[in-house]
Amino acid sequence: MSPLQVFNTLTAKKEDFVALDGKTVRMYACGPTVYSLSHLGHARMAIVFDVIQRYLRYSGYDVTFVRNITDVDDKIINRAAEIGIRPEQLARENIFTFWRDMRLLNIAPPDFEPRATEYIHPMVQFVQGLIDSGHAYKSGPDVYFEVSSFKDYGKLRKQNLDELMSGAREQVRSQQDLKNLKRSPLDFALWKGAVAGDLGWPSPWGHGRPGWHLECSAMIKNVLGETIDIHGGGEDLVFPHHENEIAQSEALHSKPLARYWLHNSFVQIDAEKMSKSLGNFRTIQDLLQTYSPDTLRLLLLQTHYRSPIEFTNDSLTAAKSGLQRLIRAVHSVSEEEAADLQMKKQAADSELTKAVMQQFQSEFARAMDSDFNTAAAVAVLFGIADKIFQETSASRRLSYIYALDSLSQILGLTLEDTGRLIDTDTAGNVIDLLLEIRNSARVKKDFATSDLIRDRLAGLGVKVMDTAGGGASWERD
RNA sequence: GGCGGCAUAGCCAAGUGGUAAGGCAGAGGUCUGCAAAACCUUUAUCCCCCAGUUCGAAUCUGGGUGCCGCCUCCA
């Protein structure tokens, strides 16, 4: 297959990517916990795995992509209590806005999007299996995973139990209440007991809800199988989330949970991680008020996914300017020129198009095959744009435009000419401007011009009505 | 305290042994009534500092400095 190489967190090396079944890729990315709006950091994660998924398909793999939604969790419960609504309602509202954000960002929907609350029964079974095999124990109202029972614990994080213990020591003090329940501070909850009436489900251990890490293990098993090809998420999930997933799943199945672990780095503001807890985040919703989805995507893809991105208004503006160049390039054949369908067809079939496609596809693939180096891939796009602007023949330009357009799509860039979309406020102001010009024509008794404006506006469905004072008003017909 | 990562022009950012991609911004020129766009030329003798390995290092090794992340919820 392809010479694709990916950086595997598990081995801390760039490795040849070999799918378990040859052509089928089963991949899972940890999605959001829906307790508030999504910010640019979430967008980065979603866009990174969207592009990975798109490129794998482009490379000929049959991809099944699963991205979950965590809809039961302490944060959701606490936040819902603060604002006085049911946790289920809070989760549902945030799922809808998350979906809207994803759609606006041109992020392809995953093949499956399981939610934790849909997999309670499999999770209960999962926990029971761990108890039966001696990897978990009931303690009070809860069930915990016994970390010392899994010899490979720490392999993703690359720290052994002793090192982890010394790191955890600080935490022990703040977990006094849990100290009595856990046999070791490293043990983590598989099932948390809840008081009757609180969000929860029945289980062999009483009313309660699943621990955070459990859902991914259970959903991966149920949707994709015991071993998958790619498991991904944000860098902050490496420990403890993914480490714990490995512990649960591999303890139960005695086989690797995932062959390749991919983690994207963060978006930073003022050299600090953008995060909900630090409060220094910019929501997707907010950013889309001012910047196009393509601008955000270009901004994020101009940096390799494993490097942190320093987010500033300047970098955003730079991305916007750069994007404009690509958009102009791809729209640089005029309507009249493009209207000739025959020419388009010829351009698509031409030897030049084939040669151009081959050349740039191979440059693009070389970049992407190197651990999804989108920054280098974007440079290829700008190289094509150069060619387009340098080419004087419209039909030859079309060949390059095909290349630019098709490669942009693999990165999820639409290159839509949003610069020419006009909002109603602006449209209204433009009409006012026309009426101003018309009025000055009337004052000069240039009725030919003033009538031209009125008639043409009427033709566009805008009715102009002169007022007694010499001005004019207008309305849609 | 334990573990890991990063340091490339004014800004953002690729590049892991062979002599510095790309974007933005800037400068000069062409075009233009003026602009904008586009085109041409141009902007790091050098990749945080020091030492080492090598014919050769931004790229490898050691030391130093600075910044960041994880260890608690987190994309």
Side-chain angles (χ1 to χ4, degrees), chain A residues 9 12 14 29-33 35-36 38-49 67 70 73-76 78-79 154 156-160 162-175 178 185-186 188 212 232-243 263-268 270-278 281 284 298-329 331-332 363 367 370 373-383 385-386 388-392 419:
Chain A
T9 307
K14 219 158 144 178
C30 290
T33 300
Y35 72 94
S36 66
S38 299
H39 59 62
L40 189 61
H42 299 102
R44 183 176 196 190
M45 174 266 155
I47 286 173
V48 162
F49 286 96
R67 188 185 62 214
T70 301
D73 164 272
D74 287 356
K75 291 221 137 180
I76 297 174
N78 295 339
R79 178 80 188 124
L156 188 67
R157 178 71 197 278
K158 280 170 282 299
Q159 266 187 290
N160 60 38
D162 289 344
E163 289 169 329
L164 288 165
M165 279 300 288
S166 76
R169 220 174 286 141
E170 296 269 330
Q171 300 309 318
V172 177
R173 264 173 270 128
S174 62
Q175 295 185 336
L178 287 175
L186 292 177
F188 55 89
W212 174 39
E235 200 179 13
D236 48 358
L237 298 183
V238 172
F239 193 91
H241 186 54
H242 288 163
E243 191 73 56
H263 293 97
N264 64 278
S265 188
F266 305 121
V267 176
Q268 302 183 340
D270 297 330
E272 264 191 334
K273 174 183 171 185
M274 177 185 287
S275 76
K276 290 182 189 173
S277 36
L278 288 172
F281 58 88
I284 295 171
L298 185 66
L299 173 72
L300 297 175
L301 294 182
Q302 273 188 302
T303 302
H304 185 92
Y305 76 91
R306 284 191 294 109
S307 300
I309 292 178
E310 174 63 28
F311 174 86
T312 62
N313 280 327
D314 283 353
S315 58
L316 205 43
T317 309
K320 185 181 175 181
S321 301
L323 178 71
Q324 255 160 9
R325 182 172 168 82
L326 295 180
I327 290 174
R328 286 190 187 113
H331 291 93
S332 65
E363 285 182 23
S370 176
N373 189 338
T374 54
V378 165
V380 174
L381 301 187
F382 280 102
D386 288 346
I388 292 171
F389 286 126
Q390 286 159 8
E391 182 56 62
T392 49

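Here is the naming used below: chain letters follow the sequence lines, and residue numbers restart at 1 for every chain. Values reported hereafter were calculated over all heavy atoms of this structure, with side chains retained and with hydrogens, waters and symmetry mates removed.
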Could I get the full list of side-chain hydrogen bond (donor to acceptor under 3.5 Å, both in side chains) partners for [X], not counting sequence neighbours?
X      : answer
A:S332 : none
A:R44  : none
A:D386 : A:R325

Whole angstroms only, please: what is the [atom1]-[atom2] distance between [X] and [N]?
X      : N     : atom1 : atom2 : result
A:M165 : B:G2  : CE    : P     : 16 Å
A:L164 : B:C3  : CG    : C1'   : 9 Å
A:F389 : B:A38 : CZ    : P     : 6 Å
A:F311 : B:A13 : CZ    : P     : 13 Å

I'd like a table of atom pairs between the protein and nucleotides 23-31 of chain B - only N or O on both sides, under 3.5 Å - with the distance next to each one.
none

Check your understanding: Is there a side-chain polar atom (N or O) of A:Q324 under 4.0 Å from OP1 or OP2 of B:A36?
Key -> no

For [X], all residues meeting side chain to side chain contact (heavy atoms under 4.5 Å, CB included), sequence neighbours excluded:
X      : value
A:L237 : A:C30, A:W212, A:H241, A:H242
A:F49  : A:M27, A:A29, A:M45, A:I52, A:F65, A:L262, A:N264
A:A379 : none
A:R79  : A:E82, A:I83, A:L90

Exercise for review: Report yes if some heavy atom in the side chain of A:H263 is under 4.5 Å from a heavy atom in the side chain of A:R306; otherwise report no.
Suggested key: no

Check your understanding: Side-chain contact, heavy-atom cut-off 4.5 Å: A:L300 with A:L40?
Key -> yes

By the 4.0 Å heavy-atom rule, please label [X] as base, sugar-phosphate, or nothing.
X      : value
A:G233 : sugar-phosphate
A:S332 : nothing
A:V267 : base
A:G383 : nothing

Point to revise | Pairs involving residues 308-321 of chain A, ordered by first then second residue, that meet side-chain hydrogen bond (donor to acceptor under 3.5 Å, both in side chains) (sequence neighbours left out) | key: A:T312-A:S315

Review point. Between A:K75 and A:S36, does any side-chain donor sit less than 3.5 Å from a side-chain acceptor?
Key: no

N/O contacts under 3.5 Å, protein versus nucleotides 68-70 of chain B?
residue : atom : partner : partner atom : Å
B:C68   : O2'  : A:Q268  : NE2          : 3.0
B:G69   : OP1  : A:K273  : N            : 3.4
B:C70   : OP1  : A:K273  : NZ           : 2.6
B:C70   : O2   : A:R157  : NH2          : 2.5

Check your understanding: Who are the salt bridge (charged side-chain N to carboxylate O under 4.0 Å, His left out) partners of A:K273, not counting sequence neighbours?
Key -> A:D236

Exercise for review: If a protein heavy atom is under 4.0 Å from the base, mark B; if only from the sugar-phosphate, S; if neither, -; do that for nucleotides 15-20 of chain B going 5' to 3'.
Suggested key: S-----

Study note, to complete from the structure: Judged by nearest nucleotide, the residue sitting upstream toward the 5' end of RNA chain B, A:N264 or A:R328, is A:R328

Check your understanding: When you match A:I309 and A:A379 each to their closest nucleotide on RNA chain B, which lands nearer the 5' end?
Key -> A:I309

Practice item. Could you measure between the two C1' atoms, the one in B:U19 and the one in B:A57, and give it in whole Å? Key: 10 Å

